[in-house]
Amino acid sequence: MSTLHARPAAVRPEPRWTHVDDHYVDGAWTRSTATARLPLVDPATGRTWGSVPDGSADDVDAALTAADRAFRTGPWSRTTPSQRAALLLRIADEVEARAAETASVNTFENGSPISETRGAAANAAGILRHVAGLASWLETEDVRPFPAGGAETVVRKDPVGPCVLIAPWNFPINLMVVKLAPALLAGCTVVMKPAPVTSLSIRCVVEACEAAGLPPGVVNLVTGGGDTGDRLVRHPLTAKVAFTGSTPVGRRIAAACGDLLRPVTLELGGKSSAIVLPDADLGEMASALIRTCLRNTGQTCYISTRILAPSARYEEVVDRVTRTVAAAPQGDPFDEGTVFGPMASKAQYDVVRGHLEAAHAEGARATTGGRPAETDQGWFIEPTVFADVTPDMRIAREEVFGPVLSVLRYDDVDEAVALANDTSFGLGGVVFSADRAAAQAVAERMDTGSVGVNFFGSNHNAPFGGRHDSGLGVEYGIEGLSQYVAFKSIHRRTD
């Protein structure tokens with residue numbers, strides 16, 4: 001085992017909230033009826049520092065009743081898209097005003113490095129402002145002629161109704177706001193449920209909505225675990241569900257929504273590949289490696305944790321990847337220099353440790369890391385690179401969700417594409433090459449929702465979504481907004 005990089009003690013500000021008893025329902029913080037509690041544990045130290053209610057059936061019913069009432073009888077249903085866009089812009093300003101506190105609470109909750117969480121509020125504000133700019137799509141009259149003439153059809157874009165929004169723990173702010181913003185612009189009301197371990201940082205977003213002047217019942221917040229989520233998904237007043245999280249949970253939500261004939265958007269897991277073409281500049285690859293392949297201590301759905309290297313340059317690629325990962329500091333997530341923090345929970349730590357053990361047992365070679373970090377507190381896994389990985393190994397097929405890379409070899413580009421597509425997932429990917437046209441040609445052959453050339457990033461203008469076991473539907477862009485719209489065709493005579 002190796003020890004954590006020695007770093008000076010970081011300042012760890014105490015959160016404003018610790019043990020809370022309330023949810024946000026119908027425009028007010030309301031005491032939960034639940035007796036069960038969910039602990040909040042600092043993953044960098046293992047110290048329990050807070051708790052939240054494990055929302056009851058009564059809590060769920062109260063929140064969805066408020067959302068339904070606000071949708072059907074409140075002022076929200078009478079606002080125009082432009083009026084709602086103006087409110088989104090005010091929410092964006094209020095979110096930015098809470099940036100420092102949001103980052104601090106987020107890091108306390110899931111151990112994401114402060115350098116990562118500090119950008120959450122700015123990114124969330126950017127999402128809100130971008131979505132606000134799509135109001136004209138909702139307002140533009142869409143009239144389509146009948147093929148035979150004599151009549152035309154007006155296509156209306158109505159809000160789908162009260163939406164349940166469920167976000168995961170790795171990016172709790174942005175992965176909630178990317179659902180919240182289009183739902184609100186479309187005219188929907190919402191009930192938000194964050195992941196149990198990141199239940200408090202979303203309160204900053206709720207406070208921003210309240211300060212912006214949203215009417216009561218438009219935005220509601222309920223905390224809780226799996227049972228709470230299941231009640232929200234199956235509640236008779238829920239009109240649509242949007243979920244980001246694991247594929248197994250996504251399957252259960254999809255099954256429930258299918259049984260209820262309820263629309264659902266699912267952004268799930270991934271096992272993406274970074275194809276290093278023979279002419280790739282390895283210095284350029286290394287500069288993008290952490291962000292593209294190990295962002296947020298490897299706890300990111302779209303990152304390319306399988307690196308496919310040409311046989312002729314295999315050891316050269318392994319060496320550059322190994323040196324890059326080994327040089328990135330691991331430590332206290334509140335330290336400005338930390339690149340790799342802890343796993344977000346003890347459960348996730350155990351999952352990643354199991355993957356490491358399986359990789360060693362199946363013959364993979366750890367060129368750096370490969371074990372839990374040597375520390376007397378927190379849930380740290382050494383940043384790890386495995387070489388001599390074959391496509392049949394568990395480490396090459398299953399989502400690890402930790403700071404672990406696998407380097408596989410290929411002989412020609414056709415084999416590289418086949419390896420990249422040999423997965424049940426289809427979320428992200430990247431191609432590294434000095435020839436952008438050649439890289440794009442390879443990217444077009446990859447069976448996945450998004451691919452980057454020499455980098456990877458989400459574009460608020462473009463749809464983001466997965467294929468196969470990576471989900472259903474998309475977020476971002478007009479396409480993401482359309483997920484919260486119910487289309488209606490009104491036919492009328494013109495002769």
Side-chain angles (χ1 to χ4, degrees), residues 246-248 250-251 266-280 285 288-289 292-295 298 300-315 317-318 321 351-352 354-367 384-433 438-454 456 464-472:
S246 72
T247 297
R251 289 186 188 280
L266 302 171
E267 196 263 280
L268 307 176
K271 191 67 179 176
S272 304
S273 293
I275 299 178
V276 181
L277 293 182
D279 67 343
M285 180 205 70
L289 185 72
T292 301
C293 301
L294 285 174
R295 184 180 179 185
T300 304
C301 53
Y302 63 69
I303 54 175
S304 297
T305 55
R306 296 188 302 172
I307 297 178
L308 311 184
S311 295
R313 302 185 70 186
Y314 184 78
E315 293 301 336
V317 171
V318 168
V321 170
V351 166
V352 178
H355 281 290
L356 297 180
E357 292 169 354
H360 288 296
E362 292 178 350
R365 170 170 57 98
T367 59
T384 298
V385 177
F386 281 114
D388 301 333
V389 176
T390 56
D392 58 314
M393 291 181 181
R394 179 182 168 194
I395 199 76
R397 305 204 67 80
E398 298 181 12
E399 184 175 43
V400 177
F401 229 61
V404 182
L405 294 181
S406 300
V407 188
L408 293 80
R409 67 179 76 228
Y410 69 85
D411 290 327
D412 57 41
V413 172
D414 288 342
E415 184 184 11
V417 172
L419 285 172
N421 292 341
D422 183 22
T423 172
S424 62
F425 298 100
L427 190 59
V430 65
V431 182
F432 290 106
S433 174
Q440 179 159 334
V442 170
E444 290 172 354
R445 297 172 61 189
M446 295 170 71
D447 185 14
T448 185
S450 298
V451 188
V453 173
N454 294 324
F456 188 93
F464 174 78
R467 300 179 179 181
H468 314 300
D469 288 358
S470 289
L472 300 169

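Being a predicted model, the structure only gives us computed values, none of them experimental. FYI, side chains are in, hydrogens and waters are out, and symmetry mates aren't considered; it's all heavy atoms of this structure. Position 1 is the first residue of the sequence, and the numbers go up from there.
Distance CZ/Arg397 to CZ/Arg306: 7.0 Å, rounded to 0.5 Å. In this structure, Asp422 CG and Asp447 CG are separated by 11.5 Å, a value rounded to the nearest 0.5 Å. For the atom pair OG (Ser406) and CZ (Arg394), the distance works out to 12.0 Å, reported to the nearest 0.5 Å. Remark: Asn454 CG to Ser433 OG distance equals 7.0 Å, nearest 0.5 Å. In this structure, the separation between CD1 on Ile303 and CG on Leu289 is 10.0 Å, given to the nearest 0.5 Å. Rounded to the nearest 0.5 angstrom, Tyr302 OH and Thr292 OG1 are separated by 8.0 Å.
Lys271 places no side-chain N or O within donor-acceptor distance of the main-chain N or O of Glu399, the cut-off being under 3.5 Å. Looking at Thr423, its side chain does come within 3.5 Å of a backbone N or O of Phe425 through a donor-acceptor pair. The main-chain N or O of Gly429 is never found under 3.5 Å from a side-chain atom of Ser273 such that the two would form a donor-acceptor pair. Remark: side-chain polar atoms of Thr300 are paired, donor with acceptor, to backbone N or O of Arg295 under 3.5 angstrom. Between the Tyr410 side chain and the Val417 main chain, no donor and acceptor come within less than 3.5 Å of each other. Using modelled atom types, one side-chain atom of Arg313 and one backbone atom of Ala280 make a donor-acceptor pair closer than 3.5 Å. The backbone N or O of Gly426 sits less than 3.5 Å from a side-chain atom of Ser470, completing a donor-acceptor pair. Within the 3.5 Å criterion, the main-chain N or O of Val453 finds no donor-acceptor partner in the side chain of Gln440.
Across every non-hydrogen atom of Phe456 and Gly428, the tightest pair is CE1-CA, 4.1 Å. Taking all atoms of both residues into account, the shortest heavy-atom contact from Arg467 to Met446 is NH1-O, 4.4 Å. Minimum interatomic distance between Asp411 and Ser311 (heavy atoms only, all atoms of both residues): OD1-OG, 2.7 Å. Nearest heavy atom pair, residue Ala274 against residue Phe432, reads CB-CE1, 4.1 Å. When all heavy atoms are compared, the tightest approach of Val389 to Tyr314 is N-OH, 4.2 Å. Closest heavy-atom contact between Arg409 and Glu415: O-OE2, 4.4 Å.
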**OP:** Under the side-chain contact (heavy atoms from CB on, under 4.5 Å) rule, what do Met285 and Val321 come out as? Steps first, then yes or no, please.
**Re:** CA-CA 9 Å; Met285 180 205 70; Val321 170; 3.7 Å; yes

**OP:** List the steps, then state whether side-chain contact (heavy atoms from CB on, under 4.5 Å) holds for His468 with Leu427.
**Re:** CA-CA 9 Å; His468 314 300; Leu427 190 59; over 6 Å; no

**OP:** For Asp469 and Arg251, run side-chain contact (heavy atoms from CB on, under 4.5 Å): C-alpha distance rounded to whole Å, both residues' side-chain angles, the deciding distance at 0.1 Å, then the answer.
**Re:** CA-CA 9 Å; Asp469 288 358; Arg251 289 186 188 280; 2.9 Å; yes

**OP:** Could you go through the side-chain contact (heavy atoms from CB on, under 4.5 Å) check for Phe401 and Thr305 one step at a time?
**Re:** CA-CA 9 Å; Phe401 229 61; Thr305 55; over 6 Å; no

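The number of heavy atoms from other shown groups lying within 6.0 Å of CD (Glu315) is above 12.
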